[in-house]
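Following: one structure in structure tokens, then a few remarks.
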Amino acid sequence: MGFEPPQRLVRALGEMYGDGAAAVWLDRLPTLTEQAVDAAGPDLTVERVAAPGGRSALVLLVRRADGTPAALKIAPPPAEPEQERAALAHWNGWGAVKLLDGAEPAASGGLLLERLHHEVSLRSLPEAKALLEAAGTVRRLWVEPPAGHPFETVAERTGRQSEGMRAAATADPELAPLVDAALAARTELVEGSPELLLLHGNFRQSKVLSGERAPWLTVGPEPLVGERAYDLARLVRDRVEDLIASPGGPVTARRRVKRLAESLEVDQARLHGWTLFRAVESGTRALAEGRRQMGEVNLEFAGWL
């Protein structure tokens, strides 16, 4: 099966996993794609690669034997497609893209999903409308996790992330005050976590796409279990480049925390704390991956909080 993966995906995989590891997976991608197509069912027709596509997986636009349009997503093992599969199976289309191929993992890392309008996300809407629709969408995802679920907790994930943050502060002492504040907030938050709900894990406007079955549906979860404030914190930072460029950015950022907390009945102080932690974590990780501009933008945002 001949195709070229989108350059956006190639660059992103290199940033996240290193050029060598990314190249190994990309070299295997034609074989993995054939396996995924075969596993998705007989007479699946591949139309084209979705471009520019996402940063973590290849998405093929396909049709099933009955003519139904679908999307076949193929992700590398570090992206943990089996975790995404488990979350989508549990949501069963409630607020999220619907999984079409059952709950058993495929060796190829392939997921057969209902097709959404991949070119139309909430980022196409004015900011106020986008935030309103995002809030209405993410609240549907916050449900009890399945019994015996495979998902890590917020405490576990943020504990792993804390190691990279400490390393960044050691390498650049100027980052230490911000990193220390973020880590102190995390310590307090995980000690008093009030909820254990299934979370999207990376919820933001670009992860909510237009659909036929529902106006807006979520894609690309990095699922975990914990409190709603953690999930909402990434949304506060949406369109961060625009916020940084705005003279009223700091005020707007704090208003977002207040508005989203009130609209979704989330404790404002906890949302503030997780927003700080996640902004610093994203910033230090971006710097480590060589994405200096994005790293600096996120750290400047964190400094406003």
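FYI, the numbering just counts along the sequence from 1. On a predicted model such as this, the values are computed, not experimentally measured, just so you know.
- For the pair S121/W216, no side-chain contact is recorded, criterion being any heavy-atom separation below 4.5 Å from C-beta on.
- Cluster annotation: L132 and L243 are assigned to distinct hydrophobic clusters (Ile/Leu/Val/Met/Phe/Trp/Tyr, side-chain heavy-atom contacts under 4.5 Å, transitive).
- The CZ atom of R278 lies 10.0 Å from the CG atom of L232; values are rounded to the nearest 0.5 Å.
- Inter-residue side-chain proximity for P223 and L199 is flagged as unmet; no heavy-atom pair is nearer than 4.5 Å.
- Each of V219, L99, L72, V62 was checked for a side chain to side chain contact (heavy atoms under 4.5 Å, CB included) with L113, and the lone residue meeting it is L99.
- Considering only heavy atoms from C-beta on, S193 comes within 4.5 Å of R270 through its side chain.
- At a threshold of 4.5 Å between non-hydrogen side-chain atoms, the residues R234 and W274 do not count as touching.
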Practice task
Kindly determine whether E281 and R285 satisfy salt bridge (Lys or Arg N to Asp or Glu O under 4.0 Å), including the steps that lead there.
Solution key: CA-CA 6 Å; E281 190 280 324; R285 176 162 41 86; 2.8 Å; yes

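- Remark: R8 CZ is packed, more than 12 non-hydrogen atoms of other residues, nucleotides or ligands lying under 6.0 Å away.
- For CZ of R213, the number of neighbouring non-hydrogen atoms (other residues, nucleotides, ligands) closer than 6.0 Å is greater than 12.
- Put simply, CG on D38 and CD on E34 are 7.0 Å apart, with the number rounded to the nearest 0.5 Å.
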Exercise for the section: Before giving the answer on salt bridge (Lys or Arg N to Asp or Glu O under 4.0 Å), spell out for E127 and R256 the whole-Å C-alpha distance, their side-chain angles and the decisive distance to 0.1 Å. Expected result: CA-CA 11 Å; E127 180 183 346; R256 273 192 186 179; 2.5 Å; yes

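- Defined by atom type and a distance below 3.5 Å, a donor-acceptor pair is missing between the side-chain atoms of E195 and W142.
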Exercise for the section: Step by step, work out the side chain to side chain contact (heavy atoms under 4.5 Å, CB included) result for K98 and N92. Expected result: CA-CA 6 Å; K98 192 172 181 61; N92 193 28; 2.6 Å; yes

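- In the hydrophobic clustering of ILVMFWY residues, with side-chain heavy atoms under 4.5 Å counting as a link, W94 and L141 come out apart.
- To the nearest 0.5 Å, atom CZ of residue R115 and atom CG of residue L100 are 11.0 Å apart.
- Between the side chains of R123 and S206, no donor N or O sits under 3.5 Å from an acceptor N or O.
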Practice task
Just do the salt bridge (Lys or Arg N to Asp or Glu O under 4.0 Å) check on R160 and E152 with the steps written out, would you?
Solution key: CA-CA 11 Å; R160 288 190 293 102; E152 65 182 347; 2.8 Å; yes

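- When side chains are defined from C-beta on, L209 does not count as touching H117, because their heavy atoms never get closer than 4.5 Å.
- Note: H200 and W91 have parallel aromatic rings, judged against thresholds of 30 and 60 degrees for the angle between ring planes.
- Side-chain atoms of L13 and P76, non-hydrogen and from C-beta on, do get closer than 4.5 Å to each other.
- A heavy-atom distance below 4.5 Å is not found between the side chains of T284 and D172.
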Practice task
Determine, stepwise, if the pair Q205 / L235 fulfils side chain to side chain contact (heavy atoms under 4.5 Å, CB included).
Solution key: CA-CA 7 Å; Q205 294 173 30; L235 185 62; 4.1 Å; yes

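- To the nearest 0.5 angstrom, E163 atom CD is 11.0 Å from L183 atom CG.
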